[in-house]
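Excluded from the calculations below are hydrogen atoms, water molecules and symmetry mates; all remaining heavy atoms, backbone and side chain alike, are included. Proteins get letters first, then strands, A, B, ... in listed order; numbering begins at 1 in each.
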Amino acid sequence: MRFPGQGASSTIRQFALGIAVTLVVMAPGGALPRALAASAEPLLNQLSDRLLLRESLSGQFRQYKHLPFLEQPFESSGHFALDDAGGLRWQVEQPMPSLMLVRDDSVTLDGKPVKDRGTGQLITLIMRGFMVGELDGLLRYFSVSGDLDRTPWVLELKPTGRLSAVIRGVTLQGDTYLQRIEILEPESAQTVIEFCDVHPGATPQDAVED
Amino acid sequence: MLSKTKAPLLWCTATAVLLAVTALCWPGPGWLQTDLFALLPSATDSHWQKRADHSLTQSYESKLLLRVSAKSGAASQQFLQQITAELTGAGFLAPQQQDLEQERWRALSQVLYPYRRGLITAQQSAALRDDAEGFLRQYRQYLHSPLGASSLNTLPGDPAGLFREFIEHAAPGMATGGNDGEVVALSLRAERLGLQRLEALYSMYLDWKSRASGQGLLFQASGPPLYSAFGVHSASREISTIGIASLCLLSLLLVLCLRSFRALLLTLLCVASGLTCGLLTTIVMLQQVHLLTLVFGATLIGIAADYALHYLAHSLSPHWRRERALATVYRSLYLGAFSSAIAFAALALLPFPGIRQIGVFMAAGLLGSFATVCLLFPALYPGLTSPGRLPAFCRFTPGRQRRWPVLAALLLLLPGLALLTPRDEIRDFYAAPPQLEADENAITAAAGAARDSRYFLITAASPEELLVTEELLLAQAQQRPGDARLSAISQLIPAAQTQRNNAELLARLAAGGALSAHLEGLGIDAEQGREMTQAYRQTDFNPVTLNALSGLSLPTGTGRFLGCRADSCASYVAISGAATPRQLAQLASDVPGADLVDRVAEVNRLLASYRVWVVALLLVGGLAAGAVLTAAAGWRSALRMIFVPVTACLASFAALGYLHGQFSVVNLLALLLIIGVSLDYAVFRSLTPVTEQAATTLAITLSACTSILAFGMLGFSSTPVISAFGQTIAIGLVAAYGLSWLVPPGGEASE
């Protein structure tokens, strides 16, 4: 079996670009111009009104990653918790247990500090935004459009600036809670995170300080 | 003496020649310097160190760190975006600047990718040797977390994430904003950091501070461009303040004492011609002039006016005749101007580029003013229309005062002189506004982004030895206590042997099935896994060499290979973090071929050696001036004249001892100027007949007032090096003026 473009210069370029972008992608400066941000604010305010806002939140997640070189999606599942200080606990149970904790600028994986290339902060930003209704933060990285009249509502995020080199777009769906995040990446890769059994409050074992 | 028509013609011809020569020799853009280090001599003769200094300076001097902290991260981000946009709009920042950096990393990754089997960090290598299964299991966990999503795309070419980690490890730590802030590190466009624009940068900084405060944000900024911008901002303000204040005082004094508008215009002409002559001569001879030289040059106004004042003051004397006006003062003007010019020209002998500029500027300026007085004044100044009258204080006869109180006062100088200790610290010279210093400390504390001008210079006989030495240094730094973060070229191109060892390690893991098992653990079927690990199973491997980097523009902050000459190769390893000098020195001493270069310490050592040189120059200059004066006026008069500058210098240093307790080469250089000016006073006094002493008293008084005020104002400069210079001279000139009353008049001396 031969992987698409393996050994070819296109793969090298793609690989190099991925590394280069993640080295600088989350630095400030690539976010949305203010004029665009202003036009998206009514939509986000409207969406914010539809959300059940909570101090803390927990639930189950299932993550699929479709990769062009794999026939089966790359899959993991577990449960998550967001606490009132904005910390995220992401407990993977299947296929192999691991625990990611995101707090302020620090991210740990199974107790060891790890380099966050921005993904941890981005997911935390999105999830916390939908939990407390502070969706303005999305405008730092995306232009926003959507259809809020249907159920579940759909929000389309188009990355602006350097993030567009690694993400083609993000689609969010939900009702009173965020239910689904779909991230489209270059070269047909796609990540889907689905949330279920979402409920307010975090159990004591979900505390991010653990 | 030349006739009234020939003399102005000669002045005009000389001016035209100077302008023509300047036009022919004009150096073009870049003739005006602002970098403080440009004032200093090169601290090293080492070819490699000069190249490393140049390379580091280029990357370091344009760095700007901005930090905003607020309760809301969005507000911080938005504010930083506004600032970035404003910097781009003002031309300081290239559009999409971070994309350029991204492009550098992309190009570098592309070049290194084919050699990835040998490119593993020392930590990865150790972890794989100790517990390969544990290492790979941890990577699988990482891939299953949201953090690993982007790494999954690179799985076919980099199944264990080793190459990605290798590249990220080579990237110097991206500054973070701490827990409550956002930080952005920018590289400003070097070509836009010119004089005119730098002042605008400082104004922008002040505006950001004010706006952030209004929005409830805390804004901090740091970086060499801001310090330069502050230097330009304060220097240009001081040039205008000192220049205008000097001119205003001069005008006021002249109008009050000489009561002639023409006298005022001629004095201004004398000053202007001195400044122009000084500036053009410096540019023609040295092809450049520093901003601080111009600041210093503003004080030429006070000295250049001396000659005009000496000429004009005598017009108030009842014995004054226009035909003999120049003859009356010529000898004292001539000796005063040339002795001062020689004193300043002596500065050009010192190996300080900045001091050399000042010496040439002042010597040429004084001679220009002297020539203007001698060639233009007799033709253009007819004297007062009504008989003038000298102020009452001018009737006091000099040289009649009791001398024992002076001797007693001299005894008071001794404790002050005993209190003095030398201090040679270049950082004392630099203007560091408290606001910027506080910002820098805060950013360093929050973001861990301490700037460091120190580096390790690595030299070896071959590129391979060079890389081996770097790797040894990195390994030693890793094991030692202290937070020395190093960026070396071997983090991008490891030694060939290291690469081969890495490739062998991966080949063993691939052959043993560890990599295939790892991929199966990720749900990838066996056949696909074999395909992915095929490249790693190969035993032949050609390491990448430093040549692969030629033609690449390397990302900011990475180490640099400086090249090879006939017998040696060199590179530098950049340092960040908070390692102490002792820790770094120990590290360098333990690794043969690695030398710690501390540019600031080297410059300080130079300052100390030049302090000794200046003392020697003062002694030689004093002896030379004494010899000239002895030949011109006899040894007794020469001793009386020399007494004034020597005692004025001692008085100035004694005052420094009482006030600060420390002195540096700058204070010593100020003594040269005190000698030049106070010698004028003594010469004017000593060579003027008793009958003309009243006019001389007026001339010396007017000169002293303007000079002391001009230099006294320099003493309030926010640039410490200028302030120290101004204070020393102002104190010395006060003493010189007082001492000039002790010098007996010429007629009396000869009697």
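We find the CD-CE distance between B/Gln138 and A/Met96 to be 9.5 Å, quoted to the nearest 0.5 Å. Rounding to the nearest 0.5 angstrom, the gap separating the CD atom in B/Gln141 from the CG atom in A/Leu109 is 6.0 Å.
For B/Leu108, no part lies near chain A; criterion is any non-hydrogen pair under 4.5 Å. When heavy atoms are compared at a cutoff of 4.5 Å, B/Arg530 does not approach chain A at all. Contacts between B/Ile83 and chain A at a heavy-atom distance below 4.5 Å are absent for every atom of the residue. Heavy atoms closer than 4.5 Å to chain B are found in the backbone of A/Glu75, but not in its side chain.
The number of heavy-atom neighbours closer than 6.0 Å to CG of B/Asn542, taken from other residues, nucleotides and ligands shown, is 12 or below.
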